[in-house]
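As the structure is a computational prediction, the values presented were derived from the model and not from experiment.
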Amino acid sequence: MPIDVPVAQVLPAGDISPRTHKTRIVHDVMTPMRDGVLLAMDLIRPVADGAWPVVLVRTPYNKVGSRTTFLEELAQRGYIVAIQDTRGRDNSDGEFFPYRTDRADGFDTVEWIADQPWCDGNIGMWGGSYVGQTQWFAAADAPKGLKAIVPIVSPPDAFFNEPVCNGCFLLPMGEWMTWMGRRSFSSAGPGIPFDDMQDYFVAMPMSTLPDLAGNDYSWWDEMMAHPNLDDFWRSCSYMDAWPQITVPALNITGWWDMNFPGSWMNYEGMRTQGKTEAIRNNQRLLIGPWPHQGNRVRALNGVDFGDEAIVNLDDHIVRWFDHWLKGIDNGVEADPRVRVFVLGANEWRTYEDWPLAEATPTPFYFHSGGKANTLLGDGEISTEEPASEPNDSYIYDPADPIGAVWKLADGPVDDRIPSTREDMLVYTSDVLTEPIEAIGRASVVLYAASSAKDTDWHVRLCDVHPDGSARFLAHGMLRARFRESFETPVFMEADEVYRFEFGLDAVGIRFLKGHRIRVEVMGSWYPEYDRNTNSGAANNFIDDQLVVATNRIYHEVGKASHIVLPVVPVAG
């Protein structure tokens with residue numbers, strides 16, 4: 001999609017490297033890995049001979065198709081852009097297995113580039129989504145020459161966002177699998193990924209999805225064999241490496257990015273655990289009003305974010321590389337660490353860190369007369385703690401899950417359609433007489449019980465506009481068996497009340513005067529996430545025994561279910 005509005009000039013201005021170089025392409029530079037596998041790399045480089053700073057892009061999405069205008073212009077500014085097919089993809093040798101080999105291959109690639117006569121010893125990395133994640137994998141073991149990265153909409157750890165999040169499996173991973181094929185794409189691709197229901201999502205057990213989709217990939221079968229956090233998932237992780245990572249990172253994401261937790265989790269991890277104080281101080285975080293395909297339009301699903309919604313990210317990134325790879329003193333290190341677009345206020349803010357020091361974790365407690373089902377029920381939230389109130393209950397039937405209003409590219413979708421169902425609990429505040437601002441990660445505490453051994457808790461946060469539309473802001477979930485540990489699941493006793501605490505996505509919003517705050521609780525959010533069968537099977541991914549559960553949410557003295565919002569003073 002083209003940018004359809006003028007680009008806002010809200011990021012730091014200043015001179016950047018001029019586009020003065022003619023360029024040429026060098027095809028299929030074969031890069032040796034430690035096990036002898038050769039990975040194919042194309043170079044977009046200045047025509048002139050000599051050594052240059054290098055920006056590496058490691059992609060499973062085809063190196064030729066990944067040549068963006070931005071990368072072409074980066075080469076014109078005096079960089080070599082190296083675009084590599086990851087292992088087992090397109091022109092690279094080996095077998096593709098998501099995440100598994102990217103840490104070693106990324107390290108080997110950076111070290112090899114650093115030794116080439118066309119590299120001046122300064123290497124950066126750039127890219128989005130999986131290509132953002134390959135940067136963190138490459139940085140994990142501190143290869144020589146890697147001086148800066150720009151991970152855009154990067155996922156975090158594979159067990160805490162994609163493909164697994166708090167025990168629940170991101171079901172459209174099956175669409176990604178089908179699209180990717182073996183070495184090259186098996187279809188024209190989903191366009192905007194994970195954005196439509198696919199026929200094969202109904203597979204039960206979930207492990208049989210490839211059969212319906214007409215595929216057979218060993219890595220899917222391997223994932224299906226590991227429902228808990230174990231050595232398999234640790235082998236697909238880099239978050240353990242934060243203490244040894246030595247690169248400044250410019251993290252860029254949007255409030256409705258499907259991989260949203262990655263940017264702020266990596267920022268927080270590096271700010272507190274990065275190897276040196278200098279590295280910890282030179283982490284940056286930028287969050288805009290965007291979905292996964294960010295910084296392209298100013299309005300999503302009919303909600304207009306104003307003239308500042310689109311910014312000049314390309315120049316901002318060039319400025320970052322100019323400093324860290326070319327040594328240009330352009331003020332980058334003095335920039336505010338955090339820039340976020342506050343929804344509702346529709347303006348950019350700068351902060352010295354994340355989480356915000358000025359944010360106060362504020363509980364908003366659930367209330368009802370025992371009939372919080374649907375948006376027409378009696379569920380309420382307020383900052384007042386509950387007294388003696390009856391619990392709310394709903395039936396979760398995995399054969400009839402709640403269907404997501406599932407257009408991730410639309411951002412603030414209207415949740416009113418699914419919230420008319422009896423198997424969703426809805427808690428809504430009074431109409432606000434004054435605005436409330438919340439910036440940071442939200443979380444939820446549920447005091448809950450189930451008739452089943454296991455079930456899922458899904459919680460969504462919405463901004464209810466005066467016209468009644470309930471605009472989605474954040475979502476969190478937890479598979480009940482993982483309430484104590486992701487390594488060692490513990491099943492529930494029937495109808496026993498347990499405390500469940502888990503995070504939602506982060507938010508950055510001014511709830512305006514005249515709006516209301518809404519929290520929704522349910523047992524599924526399908527087909528974005530797999531259905532819990534409720535049976536208590538050791539491996540839910542390979543289970544097809546469906547059990548209907550009665551789930552209860554408590555809000556009373558000592559069992560006060562609530563959501564926690566990071567409330568900040570209202571600016572201006």
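Take Asp543 and apply the side chain to side chain donor-acceptor pair (under 3.5 Å) test, not counting sequence neighbours, and it matches Thr533, Ser535. Applying the side chain to side chain contact (heavy atoms under 4.5 Å, CB included) rule to Cys462 yields the partners Asp415, Ala470, Arg518, Glu520; only residues at least two apart in sequence or on another chain are considered. Remark: Ala345 engages Val342, Glu347, Arg349, Arg510 in a side chain to side chain contact (heavy atoms under 4.5 Å, CB included) (not counting sequence neighbours).
Scanning all heavy atoms of the two residues, the minimum distance from Asp378 to Gly370 falls at OD2-N, 3.9 Å. Between Thr374 and Thr420, the shortest heavy-atom contact is CG2-O, 3.4 Å. Between Pro289 and Leu343, the shortest heavy-atom contact is CB-CD2, 3.9 Å. Minimum heavy-atom separation, Leu171 to Asp530: CB-N, 4.2 Å. Residue Ala571 comes nearest to Glu437 through the heavy atom pair N-OE2, 3.5 Å, listed as atom of the first residue, atom of the second, then distance. Nearest heavy-atom pair across Arg483 and Val490 is NH1-O, 2.6 Å.
The aromatic ring centres of Tyr529 and His475 sit less than 6.0 Å apart. The ring of Phe472 has its center no closer than 6.0 angstrom to the ring center of Trp525.
A distance-only check finds a donor-acceptor pair linking the side chain of His367 to the backbone of Glu384 [under 3.5 Å]. Under a 3.5 Å cut-off, the side chain of Arg479 and the backbone N or O of Phe169 do not form any donor-acceptor pair. At distances below 3.5 Å, at least one donor-acceptor pair connects side-chain atoms of Asp392 with backbone N or O atoms of Ala372. Under the 3.5 Å distance criterion, the side-chain polar atoms of Asn166 are left unmatched by any main-chain donor or acceptor of Leu478. At distances below 3.5 Å, at least one donor-acceptor pair connects side-chain atoms of Trp255 with backbone N or O atoms of Phe341. Using a distance-only test at 3.5 Å, with no hydrogens or angles considered, a donor-acceptor pair links the side chain of Ser451 to the main chain of Thr550. Asp257 contributes no side-chain N or O that, together with a main-chain N or O of Pro291, makes up a donor-acceptor pair within less than 3.5 Å. A distance-only check finds a donor-acceptor pair linking the side chain of Thr272 to the backbone of Glu268 [under 3.5 Å]. In this structure, Gln135 contributes its side chain and Gly127 its backbone to a donor-acceptor pair below 3.5 Å. At distances below 3.5 Å, at least one donor-acceptor pair connects side-chain atoms of Ser450 with backbone N or O atoms of Ala452.
Ring geometry for Tyr427 against His555 counts as perpendicular: the plane angle is over 60°, on a 0 to 90° scale with 30° as the lower cut. Relative orientation of the Tyr130 and Tyr99 rings is parallel, given thresholds of 30° and 60° on the angle between their planes.
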Full working for side-chain contact (heavy atoms from CB on, under 4.5 Å) between Leu375 and Arg416: CA-CA 7 Å; Leu375 57 79; Arg416 281 181 296 180; 3.9 Å; yes

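Counting only heavy atoms from C-beta outward, the side chains of Asn281 and Arg337 approach each other to under 4.5 Å. Taking the side chain as every heavy atom from C-beta outward, Met477 and Asp456 never approach each other to under 4.5 Å. A heavy-atom distance below 4.5 Å is found between the side chains of Ile152 and Ile317.
In Glu493, the CD atom is not crowded: 12 or fewer heavy atoms of neighbouring residues, nucleotides or ligands sit closer than 6.0 Å.
Under the side-chain hydrogen bond (donor to acceptor under 3.5 Å, both in side chains) rule, Arg481 has a single partner from Asn532, Asn228, Asp454, which is Asp454.
The distance from the OG atom of Ser382 to the CD1 atom of Ile517 is 10.5 Å, given to the nearest 0.5 Å.
There is no side-chain donor-acceptor pair under 3.5 Å between Asp414 and Asn301.
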